[in-house]
Structures are given as structure tokens and as C-alpha cells.
> 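One structure, pasted below without further comment.
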Amino acid sequence: MTQTFLLYDVETFLKSSPPQVPLLRHPPTHSDGTYCVAYYILAPVTFLALALPTIPKTTNCPFCRRGEPEIILRNRWSPGRGFQNHSDLFPDLYQDCNGHIFKAVALDFPPFIQYSSGNSTHPLVMKDCLDKRIIDTIAEVHNFTYQVFEPADGLFGYQLDNGSFTGVLGEIQSSKRDFSLDLSITAERGEVVDFTIGYHWEPLTFVTSKPQPLPQWLALVRPFQAYMWLCLLLMLAASGPTFWLLQWLSGGSYSLPNAIFLTFGSMISQVKLCTGQLWPRTSEVRVFSVFWLLFCLVVAVSYVGNLTAFLTVPALSPTIDSLEDLLDSNFVWGINNFGAADYQLFKTSKVPLYQNIFRGLTFCPSLVECMQRALNEHFAFISFKTYLRDAIAMHFIDKNGETRVYLAKDSFFPADTGYAVQKGSPIKRVFDGILKRLLGGGFVAKWMSTLIDQHTLDTQSRAAAAAAVCGEASTMLEGNHLSLTLYHLQGVFVVYAVGLLFSLVIFICELILSGVSRSRWQTD
């Protein structure tokens, strides 16, 4: 923005039409067609009232009194004394905005922006939120007020093929509003509007349903991985025949079934067979037995230790923490249908990962519906991290303070958030000055933390009150001890039932075989 200074001979100016060539003019050297004009009038005071109506009023002055151009007496000059005081001829007009009412534009986006009512034609009734605290502070320092409206199309704003933007960005780009509240700062947006300095670092992430408990009857096999069980079964299969071969070569009398049962019994700490026979005493068998028993001891202790943990703390299904995990899962994913920076990213990115996400992208109409879908279905809701944290705090905290959905650990597309103003607008400097001081004093981070913590406490209180009304009893643990229930030990009963089933099958088979043998004997 370049200033143009026009200096006229006021007496000549008032007696005739404005001269074709001003007495002094400094035209703008670089301009995009928009510049400020300041008229500095050197004339007797009696002529000022006559000069005021002749000043062009093609544009209004948002920082002047009543929003109209005005003449301000800055100093008095006489030929003999010169300027009579030392007042600044070029004051900073934006230190005091004279109560001017700015028009802002925003969409509900807690904890940054939150309101209870209003639309694109009626000012929003703002609730306590981060942006309200920041703008109120700036307005108090620089003496202005503001009204906030929704964008007419209900979108944050994405770029169309013709280069223009929709939503919040579009209303700033077309000069319908003076500034926006919270917006992600991106290169595409920076081409059509100016942004204040960023006051919050805000990446994208997603929420899903919390990991679900795996079937507890499988707790008996979870202490070892599948390849470990395979190795263990191979060792058991080889140990019995090896033991039988060693004791047969040394002149022993163990049968192969007895050798197999003996090695299996040692694995479960039963080193003596039901017949009362002990381990053979030959040297080669003793050497084998020592190493086999050591192997069994380590395996048994490792198994029992892990089994205790799996019985008392049920295992959960794997979590999804990155976009790569999301693509490899059976989940679907979506975003709010607000045309915000997340949609612009997936729509225009050349990164294959983001392109794959865009191809499977779905839309959901509102925050709560998106979060509820993530809670109840195999659905991942992608949005901004702080927005999701606050949504969880406001809607998905139980009476114990536990979250009901899972927030992914990884994040992506980190971007600063700031306020958009019209290209070349001087209020950028006004906002930047206060934002720097608020950031330096830690106020923004403190306000953000306070708002989310308060939302968490409010939601937890509501959940506790609802549980009390429903007569829900709290589960209390005595000390640090947890009593095992049938749920925890169901795997043992499954194994026992399988053993009984096999015993019954073997009994029936032997009964049938003995009956066949008896009938043949009687026939013979």
C-alpha cells in the first residue's frame, strides 16, 4: 500500500475548480490499484470548514470517527513562528480505532470458536472460547468492537477452479468482512488474503473406536506367539522319541508311549509317570534329561508369568495410529462437510498417500454425528487435533474421566492457525502486535488448556449425574487386588471341556472296538 500526498493552494482551490496539476504530488510507484490518499491542507483556519466538503469521499475510513473521512487539526503554522507545537503530523491512526465496529466471519469450531446462535445476517452470540478471548483483548487495547457472522454458504473455504474461494475465505477475499477468526494458514490461501502471525500449531489426525477386548478364552495361548508355539510343539514331538531311543540304546525298557508321556509330564512339572517309574539312571539319558528339564523350567516359568498378566488384564485389538494403518484396515474414513483445509489438502495433494485417502473419502454432516459414527462403527473421523481433543472433552468422557473414543498417536499436515484479513489491510499489524505479546506471555496456551480442562470436567460431571440417576453402582477394588472371575478363566474351562470331549470319544471308540472283538471271539 503506497501513500499519495496532494498539496493544494486552498484559496485558489475554493475560488475555482481544482487545478489540473497539483502544486505538489508524489504518485505511487508500485500499486495494485488500491492505495491510501492523505490530504495535508496548509490554510488559514477560516478556510478549513469550506475545504472539508470539497474533499472526495469515494471510500470510507474504517478507523475514523463514524467511519467517514474527517479533517483533524494537527498543528498551527505561521510565517514568523513556524509550527506552534511539536505534535506528530503523521500519527499512528490504528492505536485508537475510535470505537469502530468491525465485521468478522467464522464457523463453529471449538475450542477456538463457539457460539449459541446467529447466522450470516444476524451477529453470532459468542460463548467463551479461545478466539473470543484473543479478539476481546485486541479490541480493548485498540478501542474497537466487532460483530461475527457465519459465511453465507456455511463453509470454511476451498479454492475453486477459477481461483476464487468459497466460505469464510471467500468473504474476506471479496471484502464483505474485515477479518476472520481461526483459519489454517496455507500457501493457496495466502495468495488471496493476508494472515496474521500464527498463534497455534494445529496438525490433522483422526479418531476411531477404542480397541476392543480379544476373546478371553484365547488367553491361554496368548503368552506365546504363533511361531513360539510351533517351535514348542516341534520340540515336544521330537523329545519323546529321542528319549525313547537313548534309553533303548542303553538297555532300558521304556515303551515309546511311556517315553512320550514322561517328557510331556516333565513339561508340566510331573516327572513321575502314573506307574511310579522314575527317570532312567544311565549317563546318556541323564545328560539329555538335565537339559530337557532346564528347557522345561524356563518355558514353564515364562508361560506362567505371561499367563498371569493376560488373565488379569485382557488383551485388546491392535490400534490404528497412522494413515498407512488406516489404508490397510477394514475401516472407512471421512471428514466434516465444511470445505475446510483438510478437504483442500486431500483434493489437491500430489502425495500418493493423500490421494489414496481422498479416493476413499466420505463426508458426515456434523461433529457429534462424525464422532458417534467413529464410536459405533469401523469409521475413522479425520480432523484437526485440538478440535478432536475438545470434541472428546465435550461429548465423549465417562464418569471416571476416561475417553470413549481413541485418538490416533500420529498426526500429519501440521499448519499454523491465524486470522485472515483483506489483502493489504492495516489491521494485520494491529493484530500481530497483540498476538506476539499474548504468545510471549503464554496466555494462548494457558487459555487453550483451561478451556479443554473445563469442558472435560463439565462432561464428567454430567456423566456422573446421569449414572447416579440410573442407579449405576461404581465398581470398587479392594486395595490393589483384583478377583478373578469366570470371564478371566473361561479358557481353562474350555480346555477341560475339550479334554472331556476327547475322553468321551476315545471311550466310545474303545467300547465299539471291544464290542467288535467280543463278537468275533464268540463267532469263532
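Because the structure is predicted, anything quoted here is derived from the model rather than measured.
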> Are the side chains of Thr403 and Lys210 in touch, meaning some heavy atoms are under 4.5 Å apart?
yes

> Is there side-chain contact between His378 and Val332, with at least one heavy-atom pair below 4.5 Å?
no

> Set out, in order, the CA-CA distance, both residues' side-chain angles and the distance that settles side chain to side chain contact (heavy atoms under 4.5 Å, CB included) for Ile138 and Phe431, then state yes or no.
CA-CA 7 Å; Ile138 300 175; Phe431 280 41; 4.0 Å; yes

> So which atom in Asp108 and which in Ile113 form the shortest heavy-atom distance, rounded to 0.1 Å?
OD1-O, 3.5 Å

> Just by modelled atom types, is the Leu375 backbone N or O under 3.5 Å from a matching donor or acceptor in the Ser209 side chain?
no

> Of the non-hydrogen atoms in Gly334 and Leu361, which two are nearest, and what is the gap between them?
CA-CD1, 4.2 Å

> Taking atom types as modelled and ignoring hydrogens, do the side chains of Arg389 and Thr386 form a donor-acceptor contact shorter than 3.5 angstrom?
no

> Examine distances only and state if a side-chain atom of Lys103 and a backbone atom of Gln147 form a donor-acceptor pair shorter than 3.5 Å.
no

> Between the side chains of Ser366 and Glu369, is a donor N or O closer than 3.5 angstrom to an acceptor N or O?
yes

> Begin from the C-alpha positions of Val444 and Arg133 and carry the test side chain to side chain contact (heavy atoms under 4.5 Å, CB included) through to its verdict.
CA-CA 9 Å; Val444 175; Arg133 295 188 181 192; over 6 Å; no

> Taking atom CG as the centre, does Asn330 end up with more than 12 heavy-atom neighbours from other residues, nucleotides or ligands that are less than 6.0 angstrom away?
yes

> Closest approach of Pro110 and Met394, non-hydrogen atoms and distance?
CB-SD, 4.2 Å

> Donor-acceptor pairs under 3.5 angstrom involving side-chain atoms of residues 409-421: please list them, not counting sequence neighbours.
{"unit_1": "Thr417", "atom_1": "OG1", "unit_2": "Asp182", "atom_2": "OD1", "d": "3.4"}
{"unit_1": "Thr417", "atom_1": "OG1", "unit_2": "His200", "atom_2": "O", "d": "3.2"}
{"unit_1": "Tyr419", "atom_1": "OH", "unit_2": "Asp131", "atom_2": "OD1", "d": "3.2"}

> Ser322 and Asp325: side-chain hydrogen bond (donor to acceptor under 3.5 Å, both in side chains), yes or no, with the steps?
CA-CA 5 Å; Ser322 66; Asp325 293 342; 3.3 Å; yes

> Kindly give the heavy-atom pair with the smallest separation between Leu155 and Asn337, and that separation in Å.
CD2-O, 3.9 Å

> Is the ring centre of Tyr158 less than 6.0 Å from the ring centre of Phe165?
no

> If I take atom CG from residue Leu124 and atom CE from residue Met126, how far apart are they, to the nearest 0.5 angstrom?
6.5 Å

> Do Ser461 and Asp458 have a side chain donor and acceptor closer than 3.5 Å?
no

> Using a 4.5 Å cut-off on heavy atoms from C-beta on, say whether the side chain of Glu202 contacts that of Ser184.
no

> How long is the span from the CD1 atom in Ile335 to the CG atom in Asp342, to the nearest 0.5 Å?
4.0 Å

> Rounded to the nearest 0.5 Å, how far does CG of Leu326 lie from OG of Ser329?
4.5 Å

> Is a donor on one side and an acceptor on the other found under 3.5 Å between the side chain of Asp398 and the backbone of Asn400?
yes

> Measure up the Tyr387 and Phe109 rings against each other and bin them: parallel (under 30°), tilted (30 to 60°), perpendicular (over 60°).
parallel

> Any donor and acceptor pair, going by atom type alone, linking the side chain of Trp292 with main-chain N or O of Ser239 inside 3.5 Å?
no

> Are any non-hydrogen side-chain atoms of Ile101 and Tyr146 less than 4.5 angstrom apart?
no

> Indicate whether the side chain of Asp321 and that of Tyr406 have a donor and an acceptor atom separated by less than 3.5 Å.
yes

> Could you state the interatomic distance from OG1 (Thr456) to CD (Gln460), rounded to the nearest 0.5 Å?
8.0 Å

> Return the CG to CG distance between Asn143 and Asp96, rounded to the nearest 0.5 Å.
4.5 Å

> Does the side chain of Tyr199 reach to within under 4.5 Å of the side chain of Ile134, using non-hydrogen atoms?
yes

> Return the minimal non-hydrogen interatomic distance between Thr121 and Phe149, and the atom names on each side.
O-CE2, 3.6 Å

> Would you confirm whether Thr459, through its side chain, and Ala393, through its main-chain N or O, come within 3.5 Å as a donor-acceptor pair?
yes

> Under a 4.5 Å cut-off applied to non-hydrogen side-chain atoms, are Lys132 and Leu181 in contact?
no

> Got a sec: does the CZ of Phe331 have more than 12 other heavy atoms crowding it under 6.0 Å?
yes

> Apply side chain to side chain contact (heavy atoms under 4.5 Å, CB included) to Tyr343 and Asn336, showing your working.
CA-CA 9 Å; Tyr343 176 76; Asn336 274 138; over 6 Å; no

> Do the non-hydrogen side-chain atoms of Leu236 and Thr263 ever get within less than 4.5 Å of each other?
no

> Please check: side-chain N/O of Ser449 versus main-chain N/O of Lys446, any donor-acceptor pairing under 3.5 Å?
no

> Show me the donor-acceptor pairs within less than 3.5 Å that the side chains of residues 344-358 make with the rest of the protein, sequence neighbours left out.
{"unit_1": "Gln344", "atom_1": "OE1", "unit_2": "Gln159", "atom_2": "N", "d": "3.0"}
{"unit_1": "Thr348", "atom_1": "OG1", "unit_2": "Gln344", "atom_2": "O", "d": "2.6"}
{"unit_1": "Ser349", "atom_1": "OG", "unit_2": "Val351", "atom_2": "N", "d": "3.1"}
{"unit_1": "Gln355", "atom_1": "NE2", "unit_2": "Ser349", "atom_2": "O", "d": "3.4"}
{"unit_1": "Asn356", "atom_1": "OD1", "unit_2": "Arg359", "atom_2": "NH2", "d": "2.2"}
{"unit_1": "Asn356", "atom_1": "ND2", "unit_2": "Pro352", "atom_2": "O", "d": "3.3"}

> Test the Arg404-Phe396 pair against the cation-pi criterion, namely NZ or CZ under 6.0 angstrom from the six-membered ring centroid and within 45° of the ring axis.
no

> In Å, rounded to the nearest 0.5 Å, how long is the span from SG of Cys231 to CD of Gln225?
12.0 Å

> Decide yes or no on side chain to side chain contact (heavy atoms under 4.5 Å, CB included) for Thr196 and Phe179, but give the supporting numbers first.
CA-CA 10 Å; Thr196 65; Phe179 64 88; over 6 Å; no

> How about Phe102 and Phe144: are their ring centroids closer than 6.0 Å?
yes

> Does NZ in Lys385 sit with more than 12 non-hydrogen atoms of other residues, nucleotides or ligands closer than 6.0 Å?
no

> Specify the closest pair of heavy atoms between Phe379 and Trp333, including all atoms of both residues, with the distance to one decimal.
CE1-C, 3.6 Å

> Under the criterion salt bridge (Lys or Arg N to Asp or Glu O under 4.0 Å), which of Lys423, Arg189, Arg429 is the partner of Asp194?
Lys423

> I'd like to check Arg177 versus Val168 (side-chain heavy atoms, cut-off strictly below 4.5 Å). Are they in contact?
no

> When you compare the side chains of Ser120 and Glu150, does any donor N or O come within less than 3.5 Å of an acceptor on the partner?
no

